[in-house]
Asker: 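Quick one: the structure is below, questions incoming.
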Amino acid sequence: MTDMKKIRFWWIFRRGKKKYLVPSTVCICGVGTIVLVAILNVFSAVTRSYEGPPHSILNTTRFVTGVRKMTSPRVRPTQVKRETSNVILDIDEGPEAAYMIHDLPDTDRHAQSGQIPETDTFYVDDYEKIDENAQKSHERGKLQKISKGAAKRLPKALIIGVRRCGTRALLTFLRVHPDIRAPGPEVHFFDKHYHKGLEWYRKQMPATLSSQLTIEKTPSYYVIKGVPEKVHRMAKHIKLIVVVRDPVSRAFSDYVQLASKHSDIRTFEELAFLNNATGLVDTSWSVLCNGVYSKSLVRWLQYFSLNQIHFVSGERLVADPAGEIAKVQDFLGLKRIITSKHLYFNKTRGFPCVKKHERHGKPRCVGVNGAKHYPTVTPRLVKRLRDFYRPFNKRFYEITGEDFGWDDHK
């Protein structure tokens with residue numbers, strides 16, 4: 001049996017026949033500590049029970065009177081009182097944030113319904129993905145200020161092809177526009193990762209405002225069967241961009257890239273022709289099949305109307321990049337911000353480049369260093385390739401209503 005009795009500034013604790021004298025100040029401090037810990041535990045439990053969107057923020061701190069700095073993994077956006085150089089690693093408002101499977105509205109549903117909470121000002125990288133690369137980008141200083149309402153959204157436009165036609169250059173130019181955001185690498189969702197689901201796909205996208213447009217580029221989408229149907233299931237009103245060029249030049253470029261990765265590859269002529277004497281083309285070789293644009297286009301038109309697809313000329317993208325980019329901006333419904341003042345022609349690379357940005361240390365260029373070394377093919381076989389593509393080009397011109405001039409070669 002333990003009892004206690006206060007005598008002036010001392011407390012007497014009696015346990016059995018033993019007595020203990022404890023100063024009053026020690027007792028008061030001990031009781032106060034217990035009460036303070038209980039209050040903090042209740043406060044922490046209330047904070048964790050908040051059902052709002054989880055925001056993982058780097059180095060976010062809160063201050064509690066009499067307690068050292070504490071970091072919470074789930075912080076209400078309104079609790080961030082001051083503007084910091086924090087990087088949002090993942091903005092995830094839950095499964096309901098994904099667009100409806102069969103509809104992609106022109107406006108943001110969540111902004112209209114008020115489901116997305118207003119956040120304070122954050123900084124995120126303006127070119128790279130903000131998930132695993134966010135901290136590295138922050139350290140490089142390549143940061144862009146993004147204000148209230150930033151969230152990851154499904155793309156409203158896709159650059160679906162064609163491989164080796166200038167898709168990477170197009171996206172590099174489009175990144176200059178402040179209302180366009182795109183993930184860093186090619187996502188390959190509809191051809192390789194479709195089984196992971198739309199929620200996984202959405203999380204690969206960068207954070208955007210409701211006024212910004214998310215674009216994803218994977219050139220293989222255009223030629224793979226089944227992709228048009230999958231894209232239509234996600235968003236039947238989505239906008240599609242296709243970059244095309246002379247199929248013969250495209251085939252040479254495709255082969256050069258393959259040869260750079262496989263040193264033991266056979267010559268172009270051996271792969272392209274079943275019989276060099278007769279010039280019989282091997283139509284089973286994917287390098288040649290990918291240049292039959294009309295065949296793939298017919299599959300896409302089974303699910304999307306022609307006015308949802310914009311065609312970019314790869315030749316004009318090099319000769320007049322500002323003119324082609326202006327058409328793309330119009331197609332996407334964006335203000336014409338990217339002009340010739342943002343671009344210049346790099347003679348060494350033989351390709352247009354984006355001029356040095358005021359926030360970045362060097363221009364952004366694509367293309368190869370030095371001259372392009374196409375495979376050696378006899379003029380007779382080159383003419384045979386052009387003859388092979390000519391009827392398919394004609395059909396492509398008829399469907400698109402535009403003559404790209406690929407059959408003007410002598």
Asker: Could you pull out all residues at least two apart from Ser249 that satisfy side-chain hydrogen bond (donor to acceptor under 3.5 Å, both in side chains)?
Answerer: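 Partners of Ser249 under the side-chain hydrogen bond (donor to acceptor under 3.5 Å, both in side chains) test: Asp246.
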Asker: What pairs of residues pass the ring-ring contact (aromatic ring centres under 6.0 Å, His included) test when at least one of them lies in residues 313-335, not counting sequence neighbours?
Answerer: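 Applying ring-ring contact (aromatic ring centres under 6.0 Å, His included) to every pair that reaches into residues 313-335, excluding sequence neighbours, yields His310-Phe331.
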Asker: What residues form a side-chain hydrogen bond (donor to acceptor under 3.5 Å, both in side chains) with Arg316, not counting sequence neighbours?
Answerer: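 Checked Arg316 against side-chain hydrogen bond (donor to acceptor under 3.5 Å, both in side chains); matches are Glu324, Glu402.
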Asker: Looking at every non-hydrogen atom in both residues, tell me the closest pair between Lys239 and Gly333 and how far apart they are.
Answerer: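 Between these two residues, the closest heavy atoms are NZ-N, 4.0 Å.
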Asker: Checking Ser253 now: which residues fulfil side-chain hydrogen bond (donor to acceptor under 3.5 Å, both in side chains) with it, not counting sequence neighbours?
Answerer: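 side-chain hydrogen bond (donor to acceptor under 3.5 Å, both in side chains) check on Ser253 returns Arg164.
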Asker: Looking at Asp330 and Lys327, is there a salt bridge between them, counting it only when a charged N and a carboxylate O are closer than 4.0 Å?
Answerer: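 Salt bridge flag = no for Asp330 with Lys327.
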Asker: With a 3.5 Å distance limit and no angle check, can you tell me whether Tyr201 reaches the backbone of His193 through a side-chain donor-acceptor pair?
Answerer: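 Checking the backbone N and O of His193 against the side chain of Tyr201, no donor-acceptor pair under 3.5 Å is found.
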Asker: Looking at CG of Leu306 and CG of Leu240, how far apart are the two atoms once the value is rounded to the nearest 0.5 Å?
Answerer: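 With rounding to 0.5 Å, CG (Leu306) is 11.0 Å from CG (Leu240).
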Asker: According to the interplanar angle, ranging from 0 to 90°, do the rings of Phe311 and Phe404 count as parallel (below 30°), tilted (30 to 60°) or perpendicular (above 60°)?
Answerer: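 Rings of Phe311 and Phe404: perpendicular, as their planes differ by over 60°.
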Asker: In terms of the angle between their ring planes, are Tyr222 and Trp300 parallel, tilted or perpendicular, with boundaries placed at 30° and 60°?
Answerer: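 Ring orientation, 0 to 90° scale: parallel.
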Asker: Please check if the side chain of Arg202 supplies one atom and the backbone of Lys152 the other of a donor-acceptor pair under 3.5 Å.
Answerer: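 Present.
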Asker: Name all residues meeting the ring-ring contact (aromatic ring centres under 6.0 Å, His included) criterion together with Phe345; count only those two or more places apart in sequence or in a different chain, and write none if there are none.
Answerer: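 For Phe345 there are no ring-ring contact (aromatic ring centres under 6.0 Å, His included) partners, ignoring immediate neighbours.
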Asker: Show your reasoning for whether side-chain contact (heavy atoms from CB on, under 4.5 Å) applies to Leu288 and Thr283.
Answerer: CA-CA 7 Å; Leu288 297 182; Thr283 57; over 6 Å; no
Asker: Would you say the side-chain atoms of Tyr293 pair up with the backbone N or O of Arg245, donor to acceptor, closer than 3.5 Å?
Answerer: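 Indeed, once roles are kept as given, a pair shorter than 3.5 Å links the two residues.
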Asker: Could you tell me whether Phe268 and Tyr374 have their ring centroids closer than 6.0 angstrom?
Answerer: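 They do not qualify: ring centres at least 6.0 Å apart.
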Asker: Would you please name every residue forming a side-chain contact (heavy atoms from CB on, under 4.5 Å) with Leu274, sequence neighbours left out?
Answerer: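 side-chain contact (heavy atoms from CB on, under 4.5 Å) list for Leu274, sorted by chain: Leu280, Asp282.
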Asker: Where do Pro155 and Ile238 come nearest, in terms of heavy atoms and distance?
Answerer: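 Closest approach of Pro155 to Ile238: O-CD1, 3.7 Å.
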Asker: Sequence neighbours left out, what passes ring-ring contact (aromatic ring centres under 6.0 Å, His included) with Tyr194? Give chain and number order.
Answerer: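 Once residues adjacent in sequence are excluded, the partners of Tyr194 under the ring-ring contact (aromatic ring centres under 6.0 Å, His included) criterion are Phe189.
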Asker: Can you check whether Val287 reaches Arg250 side chain to side chain, under 4.5 Å on heavy atoms?
Answerer: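 Yes; the side chains approach each other to less than 4.5 Å.
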Asker: In terms of the angle between their ring planes, are Tyr303 and His232 parallel, tilted or perpendicular, with boundaries placed at 30° and 60°?
Answerer: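 Geometry flag for His232 against Tyr303: tilted rings.
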Asker: Take a 6.0 Å sphere around NZ of Lys295 and say whether it holds more than 12 heavy atoms from other residues, nucleotides or ligands.
Answerer: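 Not more than 12 within 6.0 Å, no.
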Asker: Residues in side-chain contact (heavy atoms from CB on, under 4.5 Å) with Arg380, at least two apart?
Answerer: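 Listed in chain order: Thr378.
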Asker: Go through the structure and list residues passing side-chain hydrogen bond (donor to acceptor under 3.5 Å, both in side chains) with Gln257, not counting sequence neighbours.
Answerer: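 Applying side-chain hydrogen bond (donor to acceptor under 3.5 Å, both in side chains) to Gln257 gives Arg163.
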Asker: Can you tell if the side chain of Met205 reaches within under 4.5 Å of the side chain of Leu154, non-hydrogen atoms only?
Answerer: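 The answer is no; the side chains never approach within 4.5 Å.
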Asker: Mind running salt bridge (Lys or Arg N to Asp or Glu O under 4.0 Å) on Arg390 and Asp387 for me, showing each step along the way?
Answerer: CA-CA 5 Å; Arg390 185 169 287 106; Asp387 292 340; 2.7 Å; yes
Asker: Name all residues meeting the side-chain contact (heavy atoms from CB on, under 4.5 Å) criterion together with Asp264; count only those two or more places apart in sequence or in a different chain, and write none if there are none.
Answerer: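 Here the qualifying residues are His262.
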Asker: Verify the distance criterion only: is there a donor paired with an acceptor across the side chains of Arg181 and Thr214 at less than 3.5 Å?
Answerer: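 Per modelled atom types, Arg181 and Thr214 side chains form no pair under 3.5 Å.
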Asker: Can you list everything that forms a ring-ring contact (aromatic ring centres under 6.0 Å, His included) with Phe273? Sequence neighbours excluded, please.
Answerer: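 With sequence neighbours excluded, Phe273 shows a ring-ring contact (aromatic ring centres under 6.0 Å, His included) to no residue whatsoever.
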Asker: Tell me, please, which residues at least two apart from Thr218 pass side-chain contact (heavy atoms from CB on, under 4.5 Å).
Answerer: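 side-chain contact (heavy atoms from CB on, under 4.5 Å) list for Thr218, sorted by chain: Glu186, His188, Asp191, Glu216, Ser220, Tyr221.
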